[in-house]
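See structure below.
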Amino acid sequence: MQKFFTCNNSIMSKILIEASSLCKYYHSFTAVEDVSFQISRGEVVAFLGPNGAGKSTTMKMLTGFLAPSSGQAKISGYDMNTDRLEGAKRLGYLPENGPLYPDMTPRALLHFFGLARGMKGARLRSRIADVVELCDLKAVIEKPIGKLSRGYRQRVGMAQVLLHEPEVLILDEPTSGLDPNQIGEVRETIRKLGQTKTILLSTHILQEVEAMTSRVLFINEGRLIFDGPIKELTAGRNLDDAFHEMTFSPVGN
């Protein structure tokens, strides 16, 4: 039997990520149904669920990349359906296998995206230098992105996401396909970012959840079935067992 839990703090800081009754339908198929949650300033929250559960679809609706069939998604208070440009100014979104231009160097790519976001001059140069340092790209800054390892490409994607200093980060499987060393490097970067950013992180690597977050959203078959601290989800068992039980117990029973 699965129950829905929710965090209910009496004193909440500013809400920076908000989903209100989000639904997404594709004809007769329900991808996401009635998903609601709020994430406050400074929280790092894990978004868990099996493949096809609705994680990426929910994230795309939150970022304005995908319009919901019904419901509302807000970033920093801006409705991503009606005020997407204002919300995007405050958002960094790293999709799984995010697109990069293989013929560009990391420096050229960051300069291009900076210009696209209205950055220029000393500010753009300063921000490029900052994200290159944060994401440890100095060794490859002038190499074509297509020649880089998957780990370095992921770092380039992260640098692009951080370039405009967003207060909200939505990261969809940021360590997918990386080797253990690369995973550790990306994890350390996210841990640093969590000190100043509000982050929603989707991952299949359960060790990352315990290492970087204290709160979990769990979605299964398009429905949010858990929202609460990791210790409530595990309740005396390990996270792998909790994931298995939440995934294979019939929803609504």
Donor-acceptor pair, side chain of [X] and main chain of [Y], under 3.5 angstrom:
{"X": "E142", "Y": "R107", "answer": "no"}
{"X": "D172", "Y": "S202", "answer": "no"}
{"X": "T63", "Y": "M59", "answer": "yes"}
{"X": "R155", "Y": "D136", "answer": "yes"}
{"X": "E232", "Y": "P229", "answer": "no"}
{"X": "S21", "Y": "G71", "answer": "no"}
{"X": "T198", "Y": "G42", "answer": "yes"}
{"X": "H164", "Y": "L91", "answer": "yes"}

What pair of heavy atoms forms the shortest contact from [X] to [Y], and how long is it?
{"X": "I230", "Y": "T213", "value": "CD1-O, 3.3 Å"}
{"X": "L124", "Y": "G114", "value": "CD1-CA, 3.7 Å"}
{"X": "V35", "Y": "G222", "value": "CG2-O, 3.6 Å"}

**Other residues, nucleotides, ligands: >12 heavy atoms within 6.0 Å of Y101 OH** = no
**Message:** If you count every heavy atom of other residues, nucleotides or ligands that lies below 6.0 Å from K197 atom NZ, does the total exceed 12?
**Reply:**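 Yes - once you tally the heavy atoms of other residues, nucleotides and ligands closer than 6.0 Å, there are more than 12.
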Between [atom1] of [X] and [atom2] of [Y], what distance do you get to the nearest 0.5 Å?
{"X": "R84", "Y": "F65", "atom1": "CZ", "atom2": "CZ", "value": "8.0 Å"}
{"X": "K231", "Y": "L239", "atom1": "NZ", "atom2": "CG", "value": "15.0 Å"}
{"X": "R117", "Y": "L163", "atom1": "CZ", "atom2": "CG", "value": "8.0 Å"}
{"X": "K60", "Y": "K24", "atom1": "NZ", "atom2": "NZ", "value": "10.5 Å"}
{"X": "L169", "Y": "I199", "atom1": "CG", "atom2": "CD1", "value": "5.0 Å"}
{"X": "R223", "Y": "D34", "atom1": "CZ", "atom2": "CG", "value": "7.0 Å"}

Should [X] and [Y] count as side-chain neighbours, where that means a heavy-atom distance under 4.5 Å?
{"X": "M158", "Y": "I190", "result": "yes"}
{"X": "V132", "Y": "P106", "result": "no"}
{"X": "L148", "Y": "K143", "result": "yes"}
{"X": "L16", "Y": "I39", "result": "no"}

**Request:** Would you mind listing every salt bridge (Lys or Arg N to Asp or Glu O under 4.0 Å) that reaches into residues 157-170, with sequence neighbours excluded?
**Result:**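 Sorted pair list: R41-E167, R123-E165, R127-E165.
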**Message:** Taking side-chain hydrogen bond (donor to acceptor under 3.5 Å, both in side chains) as the definition, give me every residue that meets it alongside K89, ordered by chain and number, with sequence neighbours left out.
**Reply:**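 Counting only residues at least two positions away or on another chain, K89 forms a side-chain hydrogen bond (donor to acceptor under 3.5 Å, both in side chains) with E86.
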**Residue list, ring pair (Phe, Tyr, Trp, His ring centres under 6.0 Å) with F47, at least two apart or on another chain** = none
